[in-house]
Amino acid sequence: MPLHASHPAVKILSPEDIHRYMDPLSDMLVKSVNLGAAIRFVMPFSKMDARAYWWNEVLPLVQSKQHTLFAAFENQFPVGSVQLIEQMPMNQPHRCEVSKLIVHPDHRRKGIAANLMGALEAHANSLKKSLITLDTKTGDNAERLYKSLGFNAAGVIPNFALDADGKGYHGTTYMYKELRSHA
Ligand SMILES: CC(C)(COP(=O)(O)OP(=O)(O)OC[C@H]1O[C@@H](n2cnc3c(N)ncnc32)[C@H](O)[C@@H]1OP(=O)(O)O)[C@@H](O)C(=O)NCCC(=O)NCCS
């Protein structure tokens, strides 16, 4: 697990690490979704569903190097994670995308998400990417976080996705950040 010099509590997880940390990663995901996180999943969402996500979806993407998975550690266990989608269409080699930033509910407001995003951005820079994009639930705490990190809102699509409780729809805000050193 490589350490990031600028963000020492954040590591890039290998496929073996996903096996090793399957339990804490799943715990973090299941608790976040059941508290309403707008990250694709809808309740009821069980620990088994969370394990299936890490196992069936993330692991192959990490193995094939399409995604880089970052995790923030406390007391030797992951308490937050984010993925960088590196593999893009042929005409967008300069772009990469943020996916599924999650911090365990017991560890929020301590700067963990900001650290994860810092490590992700440093990695994107090292790959000479010049554009990072993402989408996030409009008006959510995550939108505030991304704005505080220098992301710009490109626009809002109303009624884009179901809320985690399945009771209504919410808009999504598309955001981007240019890494000027490679532009
Ligand atoms: C959004 C989320 C990742 C933030 O994680 P976090 O580790 O608590 O965030 P940080 O402590 O790094 O916060 C950094 C900044 O973001 C903003 N922010 C984060 N959470 C906030 C909240 N609950 N209310 C208001 N602002 C918030 C603030 O500007 C904060 O800086 P400050 O604490 O100095 O005021 C976390 O709440 C989470 O996992 N939510 C559920 C999953 C989700 O929605 N992910 C986003 C997918 S696009």
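Each ligand, and each atom within it, is numbered from 1 in the order the structure gives.
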Seminar exercise, completed: So the atoms of ligand 1 within less than 4.0 Å of a heavy atom of L101 turn out to be 3 (C), 42 (C), 43 (C), 45 (N), 46 (C), 47 (C)

For this session: Without swapping roles, check the side chain of N115 against the backbone of I112 for a donor-acceptor pair under 3.5 Å.
Result: no

Problem set entry | Polar side-chain atom of K100 near backbone of V82 as donor-acceptor pair, under 3.5 Å | no

Problem set entry | V103, V79, V33: member with heavy atom nearest to atom 39 (O) of ligand 1 | V103

For this session: Give a yes/no on ligand 1: does S32 have at least one heavy atom closer than 4.0 angstrom to it?
Result: no

For this session: Compare all side-chain heavy atoms of I102 with those of L29 and state whether any distance is below 4.5 angstrom.
Result: yes

Seminar exercise, completed: Taking only non-hydrogen atoms of I102 and a 4.0 Å limit, the atoms of ligand 1 in range are 39 (O)

Exercise. Are any side-chain N or O atoms of R108 and backbone N or O atoms of V103, one a donor and one an acceptor, separated by less than 3.5 Å?
Worked result: yes

Exercise. Could R40 and E57 be called an ion pair, given the rule that one side-chain N must be under 4.0 Å from one carboxylate O?
Worked result: yes

For this session: Could you tell me the residue and atom name of the protein heavy atom closest to atom 44 (O) of ligand 1, and the distance to it rounded to 0.1 Å?
Result: D140 OD2, 3.8 Å

For this session: Check whether the ring centres of Y21 and F73 lie less than 6.0 Å apart, and answer yes or no.
Result: yes

Problem set entry | Closest non-hydrogen atom pair, I85 against S99 | CD1-CB, 3.9 Å

Exercise. Numbering the atoms of ligand 1 from 1, which are under 4.0 Å from a heavy atom of G111?
Worked result: 10 (P), 11 (O), 12 (O)

Exercise. Using a heavy-atom cut-off of under 4.0 Å, does the side chain or the backbone of A113 touch ligand 1, or both, or neither?
Worked result: both

Exercise. Which residue owns the protein heavy atom closest to atom 15 (C) of ligand 1, what's the atom, and how far is it?
Worked result: L145 CD1, 3.7 Å

Exercise. With atoms numbered from 1 as shown, which atoms in ligand 1 lie under 4.0 angstrom from a non-hydrogen atom of T136?
Worked result: 48 (S)

Problem set entry | Backbone of D106 reached by a side-chain donor or acceptor of H104 within 3.5 Å | yes

For this session: Nearest heavy atom to atom 27 (C) of ligand 1 wins, so pick from M175, R109, M117, K137.
Result: R109

Exercise. Hey, which atoms in ligand 1 end up nearer than 4.0 Å to a heavy atom of N141?
Worked result: 20 (N), 21 (C), 22 (C), 23 (N), 24 (N), 25 (C)

Problem set entry | Verify atom 8 (O) of ligand 1: protein non-hydrogen atom under 4.0 angstrom away | yes

Exercise. Is the side chain of K129 donor-acceptor paired with the backbone N or O of P93 at a distance under 3.5 Å, no angle test?
Worked result: yes

Problem set entry | The one among A38, A37, A114 that brings a heavy atom closest to atom 12 (O) of ligand 1 | A114

Exercise. Under a 4.0 Å heavy-atom limit, does N115 contact ligand 1 with its side chain, its backbone, both, or neither?
Worked result: neither

Exercise. Below 3.5 angstrom, do we get any N/O pair linking K110 and ligand 1?
Worked result: yes

Exercise. Do T136 and T173 get their side chains close enough for a donor-acceptor pair, meaning under 3.5 Å?
Worked result: no

Problem set entry | M28, R108, E143: member with heavy atom nearest to atom 40 (N) of ligand 1 | R108

For this session: Classify the contact between K100 and ligand 1 as side chain, backbone, both or neither, using a heavy-atom distance cut-off of under 4.0 Å.
Result: neither

Exercise. Taking all atoms of both residues into account, what is the closest heavy-atom pair of L145 and A113, and its distance?
Worked result: CD2-CB, 3.7 Å

